[in-house]
A.B. asks: 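I have a structure I would like to understand better, so I am pasting it below and will then ask my questions one at a time.
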Amino acid sequence: MKCRRCKAPAVIDIRRHNAAFCLDCFLHHCREQVRKAIHEYKMFSPEDRVLVAVSGGKDSLALWDLLVDLDYEVDGLYLGLGIGEYSTESGVHTRQFAAERGLKLHEVDLPSDHGFDIPGAAQVTRRSPCGACGLSKRHLFNSTALEHGYDVVATGHNLDDEAAVLLGNVLRWDTGYLGRQHPVLPATPGFVRKVKPLVRLGERETAAYCVLRGIDYQVEECPMAEGNRHLGYKEVLNALEDRSPGSKAAFLFGFIERGHERFAGDAEHERDELGACTVCGAPTPGDVCAFCRLRSQVGALQIEVR
Ligand code: AMP
Ligand code: FES
Ligand code: ZN
């Protein structure tokens with residue numbers, strides 16, 4: 001197997017591109033995919049201040065590394081979710097990455113800053129932990145970015161993640177979510193812009209990128225995500241991809257180019273009806289936002305138990 005760019009011996013092949021690369025050309029390929037995504041979808045410019053949400057996993061650490069390499073002004077944000085050993089180790093990997101490179105890292109800790117953790121929230125709401133977790137992440141990414149004057153929040157969602165979410169949204173024909181599923185969510189009153197610069201890279205590529213760059217990441221998956229619907233969608237898509245390489249990318253980019261616009265109206269409709277949370281000021285359709293409701297619900301119960 002030879003490198004497509006320079007003909008040296010290849011270290012990785014990417015079937016969807018019908019290509020193989022040597023180490024240097026693979027790193028170049030990853031940078032190019034991110035550079036293309038940023039330009040193609042007008043994610044941000046060199047003048048923008050970018051806050052990258054870093055979990056300590058392969059995707060978000062690769063993203064931070066790639067954005068620094070591409071010369072963007074980018075700081076990190078780590079959220080401590082209070083998921084036992086998993087969260088402790090995620091924090092260690094993230095802090096170590098930032099310290100070794102002299103990068104600025106913001107930290108928000110759910111238990112000490114907001115008085116609850118994700119396992120507690122799952123118990124109280126009696127719903128999947130991922131629901132409370134996703135809600136808390138979205139809220140805190142946005143509020144931290146606003147508080148510190150960032151123009152945009154970048155997350156490490158990759159091609160596999162986005163294709164799995166799309167499959168779930170299509171299976172339920174959730175038109176509001178379909179209208180919001182895009183590599184760029186523009187800023188609206190009370191919300192900063194959200195971008196996903198890794199949409200053109202698969203999970204296998206971000207893992208290989210970290211290994212080849214010597215980035216030490218948290219390999220364990222979240223212990224609370226077991227049975228998560230998205231894992232099932234990923235398995236289905238991987239089986240399809242195995243039979244016909246490129247089908248995952250065709251599914252996702254076909255939607256972005258030809259499907260998304262048709263659902264955009266449904267998402268806008270929902271945004272029209274937002275006011276300000278009476279507790280924290282965040283945009284919300286009710287009086288109190290979902291994050292503040294969750295915080296008071298879990299906080300009250302945890303105090304009762306003690
Ligand atoms: P997930 O929701 O775990 O699939 O993660 C999607 C993206 O959210 C990651 O690529 C990160 O950019 C971000 N993220 C997830 N967990 C955290 C965390 N604990 N702190 C900061 N960012 C996170
Ligand atoms: Fe959110 Fe596991 S990271 S439930
Ligand atoms: Zn609130």
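Values in this document were obtained by computation on a predicted structure and should not be read as measured data. Ligands are counted one by one from 1 in listed order, and the atoms in each one are counted from 1 as well.
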A.B. asks: To 10 degrees, how wide is the angle SG (C292) to the Zn ion (ligand 3) to SG (C277)?
C.D. replies: 110°

A.B. asks: With a cut-off of 4.0 Å, which atoms of ligand 2 are near a heavy atom of C222?
C.D. replies: 2 (Fe), 3 (S), 4 (S)

A.B. asks: Counting backbone and side chain alike, does C133 bring an N/O/S atom below 2.8 Å of atom 1 (Fe) of ligand 2?
C.D. replies: yes

A.B. asks: Which label fits Y72 and F44: parallel for a plane angle under 30°, tilted from 30 to 60°, or perpendicular past 60°?
C.D. replies: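 The rings of Y72 and F44 stand perpendicular, inter-plane angle above 60°.
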
A.B. asks: Take the angle between the ring planes of F21 and F26 and call it parallel below 30°, perpendicular above 60°, tilted in between.
C.D. replies: tilted

A.B. asks: Ring of F97, cation from R101 - is the NZ or CZ under 6.0 Å from the centre and inside 45° of the axis?
C.D. replies: yes

A.B. asks: Write out the protein residues near ligand 1, meaning a non-hydrogen atom under 4.0 Å from one of its atoms, in order of chain and number.
C.D. replies: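 Its neighbours under 4.0 Å (heavy atoms only) are A53, V54, S55, S60, L77, Y78, L79, L81, K137, F141, T155, G156, H157, given by chain and number.
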
A.B. asks: Hydrogens and angles aside, do D59 and N158 bring a side-chain donor and acceptor to less than 3.5 Å of each other?
C.D. replies: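 Checked: D59/N158 side chains pair up, N/O donor to acceptor below 3.5 Å.
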
A.B. asks: Examine all N, O or S atoms of C289, backbone included, and report whether one is under 2.8 Å from the Zn ion (ligand 3).
C.D. replies: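 Given the 2.8 Å cut-off, C289 counts as a ligand of the Zn ion (ligand 3).
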
A.B. asks: Between S90 and S55, do the side chains contain a donor N or O and an acceptor N or O under 3.5 Å apart?
C.D. replies: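 S55 vs S90: no donor-acceptor pair found between side chains.
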
A.B. asks: How far apart are the closest heavy atoms of K7 and K2, and which atoms are they?
C.D. replies: O-CD, 3.4 Å

A.B. asks: Of K248, K234, K196, which meets salt bridge (charged side-chain N to carboxylate O under 4.0 Å, His left out) against D161?
C.D. replies: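 Exactly one option meets the salt bridge (charged side-chain N to carboxylate O under 4.0 Å, His left out) with D161, and it is K234.
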
A.B. asks: Students often mix this up, so state it plainly: with edges at 30° and 60°, are the rings of H260 and F255 parallel, tilted or perpendicular?
C.D. replies: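 Ring orientation, 0 to 90° scale: perpendicular.
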
A.B. asks: Short list, please: which atoms of ligand 2 are under 4.0 Å from a heavy atom of K137?
C.D. replies: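 In order of numbering, the contacting atoms are 1 (Fe), 3 (S).
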
